[in-house]
Amino acid sequence: MSPTVKYTLARLGLFVVIFAVLIPIPMGLFLKLILALAFSATISWFFLRTWRDQMAQQLADTVDKRRADKAKLRSALAGDDEPPATAP
């Protein structure tokens with residue numbers, strides 16, 4: 001499974017679990033949603049770090065690949081023999 005999907009599902013699951021815990025507490029629905037969002041974000045910051053880092057690495061790799069493909073396409077369209085070196 002993709003790191004992005006794992007991280008997204010874990011964040012959503014944390015939100016749902018925390019919201020479910022807050023349902024029996026007598027307070028407004030909007031306040032429960034805000035508290036569930038705040039608590040799930042805080043918990044995920046500490047406990048989902050590995051998946052978040054994997055997702056960030058996957059996105060960075062995708063961006064690098066697209067930049068390389070774009071440079072290769074531009075050099076091919078310009079008629080250059082060799083594509084320019086991409087800057088990190």
Side-chain angles (χ1 to χ4, degrees):
M1 186 182 311
S2 165
T4 304
V5 172
K6 284 193 297 190
Y7 180 72
T8 303
L9 290 177
R11 285 287 308 262
L12 185 60
L14 273 173
F15 175 79
V16 168
V17 167
I18 293 172
F19 182 71
V21 168
L22 292 175
I23 285 179
I25 298 174
M27 66 176 79
L29 178 65
F30 184 71
L31 183 57
K32 289 178 189 178
L33 289 170
I34 295 298
L35 287 174
L37 182 66
F39 287 142
S40 68
T42 303
I43 291 171
S44 71
W45 180 259
F46 295 106
F47 293 109
L48 299 179
R49 169 178 260 164
T50 304
W51 287 350
R52 185 176 59 248
D53 291 343
Q54 289 173 357
M55 180 182 72
Q57 184 62 45
Q58 179 190 25
L59 292 174
D61 293 344
T62 302
V63 168
D64 290 342
K65 183 182 180 303
R66 286 186 180 176
R67 282 185 184 148
D69 290 345
K70 186 176 178 180
K72 183 178 176 183
L73 178 62
R74 282 188 181 190
S75 69
L77 290 174
D80 295 340
D81 294 331
E82 223 174 280
T86 57

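Just the heavy atoms: all of them, side chains too, but no hydrogens, waters or symmetry mates, feed the values below.
- When side chains are defined from C-beta on, R74 does not count as touching D80, because their heavy atoms never get closer than 4.5 Å.
- Residues F46 and I43 share a single hydrophobic cluster, defined by chaining ILVMFWY side chains whose heavy atoms lie under 4.5 Å apart.
- Under a 4.5 Å side-chain heavy-atom cut-off, the cluster of Ile, Leu, Val, Met, Phe, Trp and Tyr residues that includes L9 is completed by M1, V5.
- Using a 4.5 Å cut-off between side-chain heavy atoms of Ile, Leu, Val, Met, Phe, Trp and Tyr, with links allowed through other members, L35 and W45 fall into the same hydrophobic cluster.
- Residue pairs meeting the side-chain hydrogen bond (donor to acceptor under 3.5 Å, both in side chains) criterion with at least one partner in residues 16-40, sequence neighbours excluded, are absent.
- Alongside F30, the hydrophobic cluster contains I34 (criterion: ILVMFWY side chains under 4.5 Å).
- Taking the side-chain contact (heavy atoms from CB on, under 4.5 Å) definition, one finds that R49 meets it with R52, D53, sequence neighbours left out.
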Under 3.5 Å donor-acceptor pairs involving side-chain atoms of residues 11-23, not counting sequence neighbours:
{"from": "R11", "atom 1": "NE", "to": "S44", "atom 2": "OG", "distance (Å)": "3.3"}
{"from": "R11", "atom 1": "NH1", "to": "Y7", "atom 2": "OH", "distance (Å)": "3.3"}

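- Under the rule for a side-chain hydrogen bond (donor to acceptor under 3.5 Å, both in side chains), Q54 has no partner lying at least two apart in sequence or in another chain.
- With sequence neighbours excluded, the residues satisfying side-chain hydrogen bond (donor to acceptor under 3.5 Å, both in side chains) with D69 are K65.
- Listed by chain and residue number, L48, W51 satisfy the side-chain contact (heavy atoms from CB on, under 4.5 Å) test with A10 (two or more places apart in sequence, or in another chain).
- For T4, the side-chain hydrogen bond (donor to acceptor under 3.5 Å, both in side chains) partners at least two apart in sequence or on another chain are Q58.
- The CG atom of D64 sits 11.0 Å away from atom CG of L59, with the distance rounded to the nearest 0.5 Å.
- Through side-chain heavy atoms spaced under 4.5 Å, either directly or across other Ile, Leu, Val, Met, Phe, Trp or Tyr residues, V63 is tied to no other residue.
- Grouping the Ile, Leu, Val, Met, Phe, Trp and Tyr side chains by contacts below 4.5 angstrom, directly or via other members, places F39 with M27.
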